[in-house]
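Indexing begins at 1, ligand by ligand and atom by atom, following the structure's order. Keep in mind the model is a prediction, meaning the values are calculated, not measured. Throughout, residue positions are numbered sequentially from 1 according to the sequence presented.
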Amino acid sequence: MDDRPDVSLPLPRACPFHVPPEYDRLRRAPGLAAAELPGGSLTWLVTRLDDARAALAAPGFTADRSDPAFPMPQKRPAPPARTPRPPLTPAERRVRSRGASLIGMDPPDHTAARRAVIGEFTARRVQGLRPRIQEIVDERIDAILDGGPPADLVPALSLPVPSEVICELLGVPYERHEFFQSRSMMLLSHRAPPEQRFDALRELFGFLDELVSAEEAEPGDNLLGRQVKRHGPGRGPGRDDDHRDLVSLAFLLLVAGHETTANMISLGVLAVLRDPATLMTAVMDPDRAPGAVEELLRYFSIADTGTGRIALADTEIGSTLVRTGEGVIVSLLAANHDPAAFPDPGTLDPARRIRQHVAFGSGPHQCLGQNLARAELEIVYRTFFQRIPGLQLAIPLDELPVKDDAFVYGLHGLPVTW
Ligand code: HEM
């Protein structure tokens, strides 16, 4: 990679309905693009769908997010740019991989850790959760109807629904839901003072630690309880690694499943309000809703640049040689708007009937919670527009507070009236 970047990341995305035009420009040029990150380091950027799939499945790439060279487009305290450092040995990398949570692990540890938990997210298991998800959504809509109009849907619907669903999954006792909700919402409120977010993080970790200890003492019929039973009687106090792994897993599920689903709830509702003629009947019709949800996921691709990797071996992707030690970011938004795969990609077409989009990533790290996310989105959109007809935005579209400075794209607020 030479020193001249083709683009600087992050790209602003001021309107949810506009894809940054740089992605089209870069996709038209051959090979991968060179992107400059905050702090000045360079990484490869993938913008075509085929290349995205190849990069996310490449065995020569690591997902180790704790590596200082891991390419992050969000602003963060920058490590010294372009400082040469000795690469980790395979043994060092293996030790770090074991201590990481699933999303930062590499095979073979990743394969084993994922296999241990995948049964919790099968289509059948998620089907069993649907009645409870429906109750959670109904309770939230009752509260919105009691308190409004107007209402801000981000705190009233988008954030609490996935958080309640995760409580259900993890077996958080009902009387602790409020604590869990308030702390995880604080953690995600990107506008709150950093000290308050840090306190929320600390309290959540403490809480999850207690929750895992309680399941170790008496395993319940929930994801954590089943993991404890799976590991057999050897698990428990004294098995620090197992305990720590379960706390990390619980935390990962919260982080990976909360803000993502919340932002898709907000953006999906916004898309329907903006173009009800095309989308309203689609999200309310049980036969057409799954296709509409896929299209909304593709169109918004909210986890756009959260899929970084580092090459551990020279690997060719899309006619570019990615050399050992170089970083790669796959733009899921650019790939999902690749006209070679999705004709007229800028049109939100609920009848498109696509499954090969990469909004949930691809390859070994493909989203573990995707069936759950789909179920939540289908239930929320349908129930919401059935129960609150005549809904409108309470402020003009261009005044909506857009969140394009976080790991996941979305809205800080969505004021509506009816
Ligand atoms: C609309 C909602 C969601 C979106 C767009 C989304 C997106 C993604 C993406 C793009 C990845 C791949 C990251 C990578 O390759 O580096 C991922 C991984 C993951 N997601 Fe999701 N996600 C969503 C909801 C959820 C939910 C509801 C859960 C669970 C409660 C969840 C749990 C996970 C986990 C555990 C991983 C890591 C899997 C692994 O590394 O093997 N996600 N997600």
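- Taking distance alone, with nitrogen or oxygen atoms compared against 3.5 Å, His110 approaches ligand 1 more closely than that limit.
- Using a cut-off of 4.0 Å between Lys/Arg side-chain N and Asp/Glu carboxylate O, Glu378 and Arg130 are scored as salt-bridged.
- Scanning all protein heavy atoms for the shortest distance to atom 26 (C) of ligand 1 gives Gly257 CA, 3.3 Å.
- Scanning the protein for heavy atoms near atom 20 (N) of ligand 1, the closest one is Cys367 SG, 3.2 Å.
- The single protein non-hydrogen atom nearest to atom 32 (C) of ligand 1 is Ala256 CB, 3.5 Å, given as residue, atom name and distance.
- A cation-pi arrangement is present between Arg298 and Phe342 under the rule of less than 6.0 angstrom and at most 45 degrees off the ring axis.
- A donor-acceptor contact closer than 3.5 angstrom is absent between the side chains of Thr43 and Glu326.
- With hydrogens left out, the protein atom closest to atom 6 (C) of ligand 1 is Phe360 CD2, 3.7 Å, a heavy atom.
- Protein heavy atom nearest atom 12 (C) of ligand 1, with residue, atom name and distance: His365 O, 3.5 Å.
- Across the listed options Leu377, Ile265, Thr307, Thr307 owns the non-hydrogen atom lying nearest to atom 14 (C) of ligand 1.
- Interface atoms of ligand 1 facing Pro364, defined by a heavy-atom separation under 4.0 Å, are 41 (O).
- Taking only non-hydrogen atoms, the option from Ile302, Val126, Thr260 nearest to atom 24 (C) of ligand 1 is Thr260.
- For the 3.5 Å distance criterion, the side chains of Thr347 and Asp344 qualify, holding a donor opposite an acceptor.
- A salt bridge between Lys229 and Glu218 is absent, with no side-chain N of the basic residue lying under 4.0 Å from a carboxylate O of the acidic one.
- The N/O atoms of Arg309, backbone and side chain alike, include one that comes under 3.5 Å of an N/O atom in ligand 1.
- Using modelled atom types, one finds no donor on one side chain facing an acceptor on the other under 3.5 Å when comparing Ser248 with Ser101.
- Considering only non-hydrogen atoms, atom 31 (C) of ligand 1 lies nearest to Gly369 out of Gly306, Ala113, Gly369.
- For Phe179, the CZ atom sits in a packed shell: over 12 heavy atoms of surrounding residues, nucleotides or ligands are nearer than 6.0 Å.
- Atom 34 (C) of ligand 1 has as its closest protein heavy atom Leu368 CB, 3.8 Å.
- With a 4.0 Å heavy-atom cut-off, ligand 1 is reached by no atom of Pro162.
- Close to ligand 1: Leu297, with a non-hydrogen atom less than 4.0 angstrom away.
- Geometric assessment of Arg176 against the ring of Phe207 yields a negative cation-pi assignment under the 6.0 Å and 45° thresholds.
- With no hydrogens or angles considered, a side-chain donor-acceptor pair links His243 and Asp209 at under 3.5 Å.
- The nearest protein atom to atom 1 (C) of ligand 1, hydrogens excluded, is given as Met264 CG, 3.6 Å; this is a heavy-atom distance.
- If you look at Arg114 next to ligand 1, the close heavy atoms, those under 4.0 Å, all belong to the side chain.
- Atoms of ligand 1 lying under 4.0 Å from at least one heavy atom of Ala359, given by number and element, are 5 (C), 7 (C), 10 (C).
- The side chain of Leu252, and not its backbone, has at least one atom closer than 4.0 Å to an atom of ligand 1 (non-hydrogen atoms only; side chain from C-beta on).
- Remark: Asp142 engages Arg387 in a salt bridge, criterion side-chain N to carboxylate O under 4.0 Å.
- For ligand 1 and Leu102, the ligand atoms under 4.0 Å from any heavy atom of the residue are 39 (C), 40 (O), 41 (O).
- Of the N or O atoms in Arg65, one or more lie within a sub-3.5 Å distance of an N or O in ligand 1.
- Under the 4.5 Å side-chain criterion, counting only non-hydrogen atoms from C-beta, Pro71 is in contact with Ile310.
- Ring pair Phe180/His177: centre-to-centre distance not below 6.0 Å.
- Comment: Arg25 does not engage Glu22 in a salt bridge, judged by the lack of any side-chain N to carboxylate O separation of less than 4.0 angstrom.
- Only side-chain heavy atoms of Leu332 come within less than 4.0 Å of ligand 1; its backbone N, CA, C and O stay farther off.
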